[in-house]
Peer 1: 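Input: one structure, supplied below.
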Amino acid sequence: MSDDVRLKLAVQKSGRLADDSRDLLERCGIRFTKSKDQLFCTAQDFPLDLFFVRDDDIPAFVASNVCQIGIVGQNVLGEEKLSSRNQKLKSVEEVLPLNFGKCRLSIAAPYDFAYDGPKSLQGKVIATSYAGLLSEFLQKNSVEAEIVEMQGAVEIAPRVGMADAICDLVSTGATLAVNGLQEREVIFKSQSVLIKGQGLSTDQGRILDRLMLRIQGVLEAQSSKYIMFHAPLASLEDICSVIPGSDAPTVLELQGRPDKVAVHAVCNEAVFWETMEELRARGASDMLVVPIEKMLA
Ligand code: PRT
Ligand code: ZN
């Protein structure tokens, strides 16, 4: 591969996804100069260039091959694909879910709105910034409603008499609560994803494969734990059967204790207090659960 082949990645310049996107790359060992003002920067130790843009523009940057890949919410990609006239957007693909920026697009209405399923929205006015995804939902449910498009502060629409209900992103639900709105129907679940266009050369495809391997390693490490404990040899099999998400634990001799062994295992899922209590009840002792920084199979 020639040294000047690089991959361009579009990320959000500032906002809810900006820090998580940057952290993810840093945990992949990819460092770049920290300046939030600039549009473009070059990674120091990986063939990757970063473009900092508004999240709504990321799918179009990727569709037009200005950037070959991007990090964006599924909500934005889904909406752009449905509502933009840019046909090239259809070829933009999700390649990896990234496990951050989780939220849901929901229909919400004041507490006194009698809601009994999507049919209750027939003939109503719904305010949203997601006209594409909302129209698709209404169509699927054979509901005819008027959509009022707003760019922000959608949650105030019912209070000021602009709409009967809203369709907006929710994460904690606090915004709905302070505006006297109740979540009635989740129409789309979203998280951040790595996306790619169709314009990658073979060499750029190889860089993407390397990047994805590193990201997968970071994500697996995030959800995995390393567990260590001592166990009586007699109940080793029984104890190992309750270690969560682990294939083959390492069993080590303990100096001067022929009746006991040390067990080390990577757990591919959370280790809860209940699991530790269960291990203890079966004779395990001296338990340690530690985070894993990196993993590569
Ligand atoms: O400037 P730019 O266009 O880049 O950013 P933006 O202002 O359009 O987007 P930003 O930074 O607010 O959000 C970026 C992405 O974060 C979204 O596209 C989603 O994929 C994701 N995300 C996750 C969210 C939320 N959670 C979220 N809660 N985006 C917005 N919200 C808003 C929501 O619109 C509502 O106003 O937060 C409020 C509700 O939050 P709760 O916690 O009160 O329920
Ligand atoms: Zn935006």
Side-chain angles (χ1 to χ4, degrees), residues 8-25 35-41 50-63 66-67 69-84 86 89 92-111 126-134 136-137 147-160 162-163 165-195 215 219 222:
K8 293 189 177 64
L9 166 69
V11 293
Q12 190 186 29
K13 183 174 178 181
S14 64
R16 287 167 195 267
L17 307 183
D19 288 346
D20 284 335
S21 305
R22 187 179 284 259
D23 287 352
L24 177 65
L25 295 173
S35 161
K36 286 204 168 175
D37 299 333
Q38 59 193 53
L39 169 73
F40 172 85
C41 83
L50 269 79
F51 275 65
F52 298 102
V53 294
R54 287 198 54 196
D55 67 343
D56 318 71
D57 295 332
I58 291 173
F61 265 71
V62 172
V66 172
C67 292
I69 55 174
I71 293 178
V72 73
Q74 288 170 310
N75 54 308
V76 169
L77 180 65
E79 180 60 27
E80 290 294 312
K81 280 192 173 190
L82 288 170
S83 60
S84 167
N86 181 351
L89 280 168
V92 175
E93 287 173 54
E94 292 182 17
V95 287
L96 197 63
L98 300 176
N99 209 26
F100 64 82
K102 288 189 175 170
C103 57
R104 50 201 191 269
L105 183 64
S106 293
I107 308 265
Y111 285 84
I126 311 170
T128 191
S129 314
Y130 290 88
L133 290 168
L134 175 59
E136 187 182 58
F137 168 79
I147 297 176
V148 175
E149 289 198 59
M150 293 174 71
Q151 290 317 310
V154 174
E155 62 278 357
I156 65 158
R159 210 166 3 124
V160 297
M162 273 180 73
I166 69 163
C167 172
D168 199 11
L169 295 178
V170 183
S171 50
T172 63
T175 306
L176 294 183
V178 297
N179 285 284
L181 299 169
Q182 194 180 16
E183 190 173 1
R184 304 301 175 96
E185 190 97 46
V186 176
I187 72 166
F188 188 87
K189 284 194 180 152
S190 179
Q191 64 173 302
S192 293
V193 282
L194 184 69
I195 58 171
I215 295 178
L219 297 178
Q222 259 173 10

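Start at 1 and go down the list; that is how both ligands and their atoms are numbered.
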Peer 1: Which residues satisfy the salt bridge (charged side-chain N to carboxylate O under 4.0 Å, His left out) test with Arg16, sequence neighbours excluded?
Peer 2: none
Peer 1: Give me each pair satisfying side-chain hydrogen bond (donor to acceptor under 3.5 Å, both in side chains) with a member in residues 150-160, each pair once, sequence neighbours excluded.
Peer 2: Arg159-Asn179
Peer 1: Return the protein residues near ligand 1 (heavy atom under 4.0 Å from any of its atoms), ordered by chain and residue number.
Peer 2: Gln12, Ser14, Gly15, Arg16, Leu17, Arg54, Asp55, Asp56, Gly73, Asn75, Val76, Gly101, Lys102, Cys103, Asp168, Leu169, Val170, Ser171, Thr172, Gly173, Ala174, Thr175
Peer 1: For Pro59, is there any backbone N or O sitting under 3.5 Å from a side-chain donor or acceptor partner on Lys81?
Peer 2: no
Peer 1: Can you find a heavy atom in the side chain of Ile187 that is under 4.5 Å from one in the side chain of Tyr130?
Peer 2: no
Peer 1: Do the side-chain N and O atoms of Ser84 and Glu80 include a donor-acceptor pair separated by under 3.5 angstrom?
Peer 2: no
Peer 1: Considering only heavy atoms from C-beta outward, does the side chain of Leu25 approach that of Leu9 to under 4.5 Å?
Peer 2: yes
Peer 1: Output, by chain and residue number, all protein N/O/S atoms separated from the Zn ion (ligand 2) by less than 2.8 Å.
Peer 2: Asp55 OD1, Asp56 OD1
Peer 1: Under 3.5 Å, is there a donor-acceptor pair between the side chain of Gln12 and the main chain of Leu17?
Peer 2: yes
Peer 1: With distance as the sole test, does Ser192 use its side chain to make a donor-acceptor pair with the main-chain N or O of Gly73 at under 3.5 Å?
Peer 2: no
Peer 1: Looking at Glu185, Gln182, Glu183, Lys189, which hits side-chain hydrogen bond (donor to acceptor under 3.5 Å, both in side chains) with Ser106?
Peer 2: Glu183
